[in-house]
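The model shown is predicted, which means the values in this text are computed figures rather than measured ones.
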Amino acid sequence: MKRIFLFFIAFMFAFAINAQVVSNGKNQTNSFTPLLYAHKYFKDNKNKTLGTPYENAKFELGEIIHNNSKQKIRKLFLRYNVFNDQIEVSKTLKSSEILGLTKNKSVYVRIKNREYHYKEYKYRNNKTKNGYLIKLTSNTKISLYKLLKKKYIDTKIAKTPMNKDIPAKFTDQHAYYLEIDEKLFPVSSSKKKAVSIFPNNQKEVKDFIGKENLSLKKEKDLIKLVNFYNTL
């Protein structure tokens, strides 16, 4: 057991030492390097589960980026496991070895122009949680984020021969957040509550929602609203 533990520690540090920052077209060793670790991921061996734990089950080439310096630490094949709230990593598309990126607020991930940031937020019952959110807009005043959730519902075995088993499935859930002064606020479907989040120009925001007939449940309308606010 001790040998296995020591091997695991050495394994993580090997990845840390090899991580590099891309700067001005040259590879430079960075003092900060996110660790990759052995990760348990969902395997549907019987292929009977409906849906997927992933935003996109296919690995795509992405980048791990330092939050403050915006320097690219490393390019790897990445995917987002929504159910486990985990960025999964593969060095090649053909590799059978799947690793997890250590959750750290000092770095974010970019996959096909979508940024995944590890942040603190309030979820149901006003509980404080940490997890990945997707940045939809990036502005100086207010930014818009999207939280993805997956709920796993187990198989329901038929009680009689006349009925059929109901297969296990993943269901999708999501929520939106506005970031103001590095703090996240959940967006309510209530226009009155949503308007109250904006620190200034609330009358203009309210009038714009009415004029454009915006729905605060629609992503494109929220993006339109945030972009408008940032012009004020």
Side-chain angles (χ1 to χ4, degrees), residues 8 11-16 18-22 27 30 32-67 70-121 123 129-138 143-154 167-177 179 184 219 223:
F8 180 63
F11 177 75
M12 290 197 301
F13 274 97
F15 272 101
N18 289 330
Q20 294 177 320
V21 173
V22 178
N27 289 334
N30 187 13
F32 173 82
T33 50
L35 296 179
L36 306 179
Y37 65 95
H39 164 63
K40 291 183 179 180
Y41 59 96
F42 179 82
K43 288 184 179 180
D44 187 9
N45 295 324
K46 296 183 179 179
N47 199 30
K48 290 185 176 181
T49 302
L50 301 177
T52 172
Y54 299 98
E55 181 187 20
N56 181 359
K58 293 182 179 179
F59 278 100
E60 296 179 291
L61 188 62
E63 299 170 323
I64 302 171
I65 302 169
H66 195 281
N67 224 341
K70 307 302 179 187
Q71 287 183 308
K72 298 174 184 177
I73 297 171
R74 197 170 183 182
K75 284 188 176 183
L76 291 163
F77 290 97
L78 309 168
R79 67 182 179 186
Y80 179 38
N81 185 325
V82 180
F83 180 67
N84 288 337
D85 194 29
Q86 178 66 63
I87 300 295
E88 295 182 350
V89 181
S90 178
K91 291 198 288 185
T92 70
L93 285 177
K94 295 181 180 180
S95 176
S96 60
E97 185 178 47
I98 297 176
L99 305 171
L101 176 68
T102 300
K103 298 174 182 180
N104 194 309
K105 294 176 183 177
S106 297
V107 298
Y108 65 92
V109 164
R110 183 185 292 135
I111 308 172
K112 291 188 69 173
N113 296 321
R114 285 168 75 84
E115 293 183 2
Y116 300 77
H117 293 253
Y118 191 70
K119 288 181 169 289
E120 182 179 286
Y121 63 92
Y123 197 50
K129 302 189 76 173
N130 287 283
Y132 285 104
L133 293 96
I134 302 169
K135 181 179 276 191
L136 299 178
T137 67
S138 181
S143 295
L144 178 66
Y145 286 83
K146 184 176 184 178
L147 174 71
L148 298 180
K149 289 285 185 181
K150 293 270 189 177
K151 183 179 179 181
Y152 179 75
I153 301 174
D154 208 350
K169 65 178 180 179
F170 287 97
T171 60
D172 297 314
Q173 301 171 340
H174 67 268
Y176 296 100
Y177 290 80
E179 184 179 54
L184 291 171
E219 186 172 306
I223 292 173

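For the atom pair E115 CD and K135 NZ, the distance stands at 5.5 Å (nearest 0.5 Å). To the nearest 0.5 Å, atom CD1 of residue I111 and atom CD1 of residue I87 are 5.0 Å apart. Atom CD of residue E179 and atom OG1 of residue T137 lie 9.5 Å apart, to the nearest 0.5 angstrom. Rounded to the nearest 0.5 angstrom, L76 CG and E88 CD are separated by 13.5 Å. H117 contributes atom NE2, which lies 4.5 Å from atom OH of Y145 (distance to the nearest 0.5 angstrom). Summarising the geometry, atom OH belonging to Y116 is positioned 12.0 Å from atom CZ belonging to R110; distances are rounded to the nearest 0.5 Å.
With sequence neighbours excluded, the residues that form a side chain to side chain contact (heavy atoms under 4.5 Å, CB included) with D154 are Y152, A168. K70 pairs by the side chain to side chain contact (heavy atoms under 4.5 Å, CB included) definition with N67, Y108, not counting sequence neighbours.
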**Request:** Please assess I65 against V109 for the test side-chain contact (heavy atoms from CB on, under 4.5 Å), listing each intermediate value before the final yes or no.
**Result:** CA-CA 6 Å; I65 302 169; V109 164; over 6 Å; no

**Message:** Is there a side-chain contact (heavy atoms from CB on, under 4.5 Å) between E120 and L184? Walk through the geometry before answering.
**Reply:** CA-CA 8 Å; E120 182 179 286; L184 291 171; over 6 Å; no

**Message:** What verdict does the side-chain hydrogen bond (donor to acceptor under 3.5 Å, both in side chains) test give for N104 and S106, after you've listed the backbone C-alpha separation in whole Å, the side-chain angles of each residue and the deciding distance to 0.1 Å?
**Reply:** CA-CA 5 Å; N104 194 309; S106 297; 3.1 Å; yes

**Message:** Using side-chain contact (heavy atoms from CB on, under 4.5 Å), reason through Y123 and L147 one step at a time and then give a plain yes or no.
**Reply:** CA-CA 10 Å; Y123 197 50; L147 174 71; 3.6 Å; yes

**Message:** Please evaluate residues L133 and Y177 with respect to the criterion side-chain contact (heavy atoms from CB on, under 4.5 Å), reporting the C-alpha separation (whole Å), side-chain torsions for both, the decisive distance (0.1 Å), and the verdict.
**Reply:** CA-CA 9 Å; L133 293 96; Y177 290 80; 3.7 Å; yes

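Listed for the K149 side chain is no donor-acceptor partner under 3.5 Å among the backbone atoms of D85. Under the 3.5 Å distance criterion, the side-chain polar atoms of T92 are matched with a main-chain donor or acceptor of S95.
With a 4.5 Å cut-off on side-chain heavy atoms, T171 and I153 count as touching. With contacts defined as side-chain heavy-atom distances shorter than 4.5 Å, the pair E219/L136 qualifies. The closest side-chain heavy-atom distance from F83 to N81 is below 4.5 Å. Residues R79 and I98 have side chains in contact (heavy-atom distance under 4.5 Å, counting atoms from C-beta outward). Contact check for R114 versus Y80: no side-chain heavy atoms found under the 4.5 Å cut-off.
The neighbour count for K146 NZ, taken as heavy atoms of other residues, nucleotides or ligands under 6.0 Å away, is above 12. Shown here is K105, whose NZ atom has more than 12 heavy atoms of other residues, nucleotides or ligands within 6.0 Å.
Of all heavy-atom pairs between K48 and P167, the closest is O-CB, 3.5 Å. In terms of heavy-atom proximity, L61 sits nearest to F77 at N-CD2, 3.6 Å. Of all heavy-atom pairs spanning Y176 and L144, the tightest one is CB-CD1, 4.3 Å.
Salt bridge E55/K150: absent, no basic N to carboxylate O contact under 4.0 Å.
Between the side chains of Y121 and N130, no donor-acceptor pair of N or O atoms lies under 3.5 Å.
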